[in-house]
Amino acid sequence: MTKLRVAIQKSGRLHDDSVKLLKECGIDIHNGVNKLKTEASNFPLEVFFLRDDDIPQYIEDGVADAGIVGENVVLEKQKQVNEVEKLGFGRCRLSVAVGKGFDYQSCKDLNGLRIATSYPVIVKDFLGRNDIKADIHEISGSVEIAPGIGLSEAICDLVSSGSTLFMNGLKEVEVILNSEAMLISNQNLSKGPEQLLQKLLFRIKAVKKAKNNKYILLNAPNDKLDAICKLLPGMKSPTVLPLADEGWSSVHSVVNENDFWDIIENLKANGAQGILVVPIEKMIL
Ligand code: ATP
Ligand code: ZN
């Protein structure tokens with residue numbers, strides 16, 4: 001039977017969220033930390049646990065059909081893969097940093113400097129686009145210590161909170177790339193794996209959509225129902241049920257996380273009471 005072979009990070013920042021996403025898609029994998037691969041018990045899927053840097057190559061070569069890696073890795077590795085879907089976790093940015101005391105005005109100040117990085121391809125492209133001549137020193141880890149030991153004047157590395165930079169006496173001066181985890185796939189999948197990939201993608205989209213929305217229930221005085229329903233378009237239109245108490249209705253709908261607090265304020269201003277907000281597990285439109 002055809003199986004979809006999906007590569008995820010063996011250990012590191014993307015591992016847990018990648019396993020969690022598969023689980024939320026209803027795919028049961030027994031997480032063998034020291035194993036190279038494992039099979040899902042209820043979906044034709046095999047999971048390979050690999051170093052994130054190797055995943056694009058394995059997918060280009062067809063050793064794996066799809067995988068989850070940071071966009072930073074996809075861009076750096078320059079492999080022939082399809083970028084299927086952004087996944088909303090593993091957010092970080094690839095940034096240039098210099099010493100705290102450096103009087104940095106613009107990227108032109110990088111001219112003539114040495115820049116230590118594990119992302120030579122992305123940095124070279126950035127320098128080229130901005131017409132900057134600087135020396136790229138490729139190192140594979142602990143990039144943030146390079147200025148401190150006299151290896152370079154600047155670095156380009158992944159940042160999330162910025163605390164690592166701060167602890168090393170550095171300040172972030174340019175964001176080159178905003179990155180999040182991404183589902184990528186082989187460009188020449190045969191029919192069986194392609195169908196399974198579409199099935200997985202359908203589930204991933206339902207999970208993502210559910211995370212961005214909340215189910216809302218509230219009580220509304222009947223004379224305000226029109227105004228309240230206008231605030232809650234929902235998936236089609238809100239459900240309105242009469243309460244045992246005359247003159248009142250219960251209204252059910254779905255609201256987007258982004259407009260959430262604005263909507264709640266408007267609902268209250270229109271006389272809504274007993275507002276309940278509950279998470280949605282899956283959402284299919
Ligand atoms: P591996 O052993 O698989 O090569 P790694 O050390 O290269 O692991 P991690 O540090 O686990 O990788 O990071 C994996 C990915 O997590 C990064 O490529 C990036 O997409 C994402 N990420 C999110 N936040 C950060 C951060 N603050 N620093 C580094 N990576 C981050
Ligand atoms: Zn890595």
Side-chain angles (χ1 to χ4, degrees), residues 5-24 29 31-38 46-61 63-64 66-79 81-98 115-126 136-148 152 154-185 204 208 211:
R5 297 161 303 164
V6 178
I8 65 171
Q9 195 187 22
K10 182 175 168 61
S11 64
R13 293 173 197 263
L14 299 180
H15 173 86
D16 289 354
D17 283 332
S18 302
V19 170
K20 186 164 145 248
L21 177 66
L22 293 174
K23 288 199 169 138
E24 286 168 340
I29 57 167
N31 193 359
V33 173
N34 291 314
K35 283 206 257 166
L36 175 64
K37 60 179 187 174
T38 187
E46 212 171 357
V47 183
F48 295 172
F49 300 105
L50 300 169
R51 283 202 58 197
D52 64 348
D53 314 66
D54 299 335
I55 290 176
Q57 179 79 64
Y58 279 111
I59 292 176
E60 182 185 277
D61 293 347
V63 175
I68 297 176
V69 280
E71 289 176 88
N72 52 305
V73 171
V74 179
L75 256 181
E76 180 65 27
K77 297 297 172 188
Q78 300 275 308
K79 301 294 172 198
V81 296
N82 285 342
E83 299 180 9
V84 182
E85 179 83 6
K86 294 191 185 193
L87 300 174
F89 60 85
R91 285 185 206 277
C92 57
R93 48 197 194 274
L94 186 65
S95 291
V96 177
V98 295
I115 306 176
T117 187
S118 313
Y119 293 87
V121 173
I122 299 176
V123 175
K124 185 159 179 259
D125 174 71
F126 168 78
I136 298 172
H137 281 246
E138 183 179 354
I139 52 177
S140 61
S142 304
V143 172
E144 66 282 356
I145 65 165
S152 72
I155 67 163
C156 180
D157 202 8
L158 296 173
V159 183
S160 45
S161 68
S163 60
T164 308
L165 293 182
F166 183 78
M167 281 190 313
N168 285 282
L170 301 171
K171 63 176 178 187
E172 188 176 357
V173 291
E174 299 282 345
V175 177
I176 298 191
L177 172 76
N178 283 297
S179 177
E180 62 185 270
M182 180 179 254
L183 180 70
I184 57 173
S185 72
I204 288 175
K208 267 179 69 181
K211 281 192 184 152

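First listed ligand is number 1; within each ligand, the first listed atom is number 1. Heads up: numbering here begins at 1 and tracks the sequence. Any value given below was found using the heavy atoms of this structure, including those in side chains, with hydrogens, waters and symmetry copies removed.
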Taking distance alone, with no angle check, do Asn72 and ligand 1 share an N/O pair under 3.5 Å?
yes

Suppose the criterion is salt bridge (Lys or Arg N to Asp or Glu O under 4.0 Å): which pairs have a residue in residues 157-185, not counting sequence neighbours?
Arg91-Glu180, Arg93-Glu172

Pairwise side-chain contact, Ile139 with Thr117, heavy-atom cut-off 4.5 Å (strictly under)
no

Considering only non-hydrogen protein atoms, determine which one is nearest to atom 30 (N) of ligand 1 and report residue, atom name and distance to 0.1 Å.
Leu158 CD1, 3.2 Å

Identify the protein heavy atom lying closest to atom 27 (N) of ligand 1, giving its residue, its atom name and the separation to 0.1 Å.
Ser160 OG, 2.6 Å

Run the side-chain hydrogen bond (donor to acceptor under 3.5 Å, both in side chains) test against Glu24 and tell me which residues pass, sequence neighbours left out.
Lys211

Around the Zn ion (ligand 2), list the protein N/O/S atoms within a radius below 2.8 Å, excluding water molecules.
Asp52 OD1, Asp53 OD1

Glu71 meets the salt bridge (Lys or Arg N to Asp or Glu O under 4.0 Å) criterion, sequence neighbours left out, with Lys86

Starting from atom 24 (N) of ligand 1, locate the nearest protein heavy atom and write down its residue, its atom name and how far away it is, to 0.1 Å.
Cys92 CB, 3.3 Å

Atom 14 (C) of ligand 1 sits nearest the protein heavy atom Asp52 OD2, 3.4 Å

Residue and atom name of the nearest protein heavy atom (relative to atom 9 (P) of ligand 1), distance in Å to one decimal:
Gln9 NE2, 3.8 Å

Provide, to 0.1 Å, the distance between atom 2 (O) of ligand 1 and the closest protein heavy atom, together with that atom's residue and name.
Arg51 NE, 3.5 Å

Could you check atom 11 (O) of ligand 1 against the protein and tell me its nearest heavy-atom contact, residue, atom and distance included?
Arg13 N, 2.8 Å

